[in-house]
Amino acid sequence: MFSELVRKNRSIRFYDDKNVPFSKLRSLIDDARLSSSTLNKQSFRYILITDTQLTEKIFNMTNLPTKAKVPLQNRPKAFIVMITNKDLQLSEKFLYYNIGIATQNLTLSATEKGLGCIVLHSINFDNLDKVLKLDSQKKSVSLIGIGNPIQKVEIANIDNETEDLTYYEKDGIHVVPKLSTKALIYREI
Ligand SMILES: Cc1cc2nc3c(=O)[nH]c(=O)nc-3n(C[C@H](O)[C@H](O)[C@H](O)COP(=O)(O)O)c2cc1C
C-alpha cells in the first residue's frame with residue numbers, strides 16, 4: 001500500500017477545472033503537522049489559497065506557464081505557502097530538512113485523497129511575500145500547487161546512472177526517470 005502510494009505521488013503540472021475546498025486543504029495540514037522537526041519546534045505556518053485572482057497571480061509567478069507550457073485553465077486551483085519568521089533561530093539546513101519532511105507528508109496525503117501536487121521553488125519568494133502582503137517579520141519558504149490531476153505520469157527505472165535523468169513527454173505521458181535501487185546503493189559493507 002505504501003509502496004503504491006509513494007509511486008503514485010508524482011509532481012503534477014496539469015489540473016482540471018474543479019476547485020479544491022478549504023476542508024480538503026486543512027486535512028492535508030492535519031497530516032503535515034505530525035512531521036518530525038528539529039527540536040520539535042514546528043517553526044513554519046501555512047497559508048491556504050483558493051481565491052481565483054490570487055491563484056492566477058501566483059501561477060503566473062511560477063515557471064509552470066513558461067517551462068511546462070501549462071495554460072491558465074489547467075493551473076493548480078489551490079496553493080499552500082509555508083511561511084516562517086525571518087528571525088528564526090534555526091539554521092537553513094534544519095529549516096529546509098523540516099520543510100522537506102512536512103512537504104512529503106502533505107503530498108502523500110493529497111495523493112491518497114486523489115489530488116495532485118507540485119512543489120514550486122522556481123519563484124521569487126520576496127515577490128510572493130509582497131503579493132501575499134505578509135507581515136514584515138515573516139517570509140515565505142515554500143510553495144505547493146494543488147488540484148485535481150489530469151496529467152498521466154509514469155516512472156522509468158534507470159540502471160545506468162550516467163543516463164539523462166531529465167523528465168520528458170512521450171505519447172502524451174509525462175515520464176520521470178528514477179534511478180533503480182541497484183544504481184543508488186553505493187556500498188554494502
Ligand atoms: C525543492 C523542489 C523544488 C521544485 N521546484 C519546481 C518548480 O519550480 N517547477 C516545477 O515545474 N517543478 C518543480 N519541482 C518538481 C521537480 O521537477 C520534480 O520533483 C522532479 O521532476 C521529479 O518528479 P517527481 O516529483 O514526480 O518525482 C520541484 C521539486 C522540489 C523537490
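Counting convention: from 1, in listed order, for ligands and their atoms alike.
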request  = Go through the side-chain N and O atoms of T38 and N98 and say whether any donor and acceptor fall under 3.5 Å apart.
outcome  = yes
note = Of S11, G116, A68, the one whose closest heavy atom lies nearest atom 25 (O) of ligand 1 is S11
ask   = If you count the non-hydrogen atoms of other residues, nucleotides and ligands that lie under 6.0 Å from CD in E4, is the total more than 12?
value = no
key: Contacting atoms of ligand 1, where contact means under 4.0 angstrom from a heavy atom of R10   = 24 (P), 26 (O), 27 (O)
request  = Answer yes or no: is there a donor N or O on one side and an acceptor on the other, between the side chain of N148 and the main chain of L115, under 3.5 Å?
outcome  = no
task = Looking only at protein heavy atoms, identify the closest one to atom 8 (O) of ligand 1 and say how far it is in Å.
result = S122 N, 2.8 Å
request  = Anything under 30° is parallel, anything over 60° is perpendicular, the rest tilted; go ahead and classify Y96 against H121.
outcome  = perpendicular
ask   = N/O of N9 under 3.5 Å from N/O of ligand 1, yes or no?
value = no
Atom indices of ligand 1 within 4.0 angstrom of K178 heavy atoms, with elements = 22 (C), 27 (O)
query = Does ligand 1 have a heavy atom under 4.0 Å from the side chain of I123, from its backbone, from both, or from neither?
reply = neither
task = Evaluate salt bridge (Lys or Arg N to Asp or Glu O under 4.0 Å) for D31 paired with R26, printing each intermediate quantity in order.
result = CA-CA 9 Å; D31 287 336; R26 279 188 222 114; over 6 Å; no
ask   = What residue and heavy atom of the protein are closest to atom 23 (O) of ligand 1, and at what distance?
value = V176 CG1, 3.5 Å
task = Around atom 21 (O) of ligand 1, find the nearest protein heavy atom and jot down its residue, atom name and distance.
result = Y167 CD2, 3.0 Å
ask   = Heavy-atom count around E163 CD within 6.0 Å, excluding the residue itself: above 12?
value = yes
request  = Among all protein heavy atoms, pick the one closest to atom 9 (N) of ligand 1 and tell me residue, atom and distance.
outcome  = N63 OD1, 2.9 Å
Gap between atom CG of D87 and atom NZ of K138 - 0.5 Å precision = 9.0 Å
query = Please state which protein non-hydrogen atom is closest to atom 14 (N) of ligand 1 and give its distance, to 0.1 Å?
reply = V119 O, 3.2 Å
query = For F2, is the NZ or CZ atom of R7 found under 6.0 angstrom from the centre of its six-membered ring and inside 45 degrees of the ring axis?
reply = no
ask   = How far is atom 17 (O) of ligand 1 from its nearest protein heavy atom, and which residue and atom is that?
value = R13 NH2, 3.0 Å
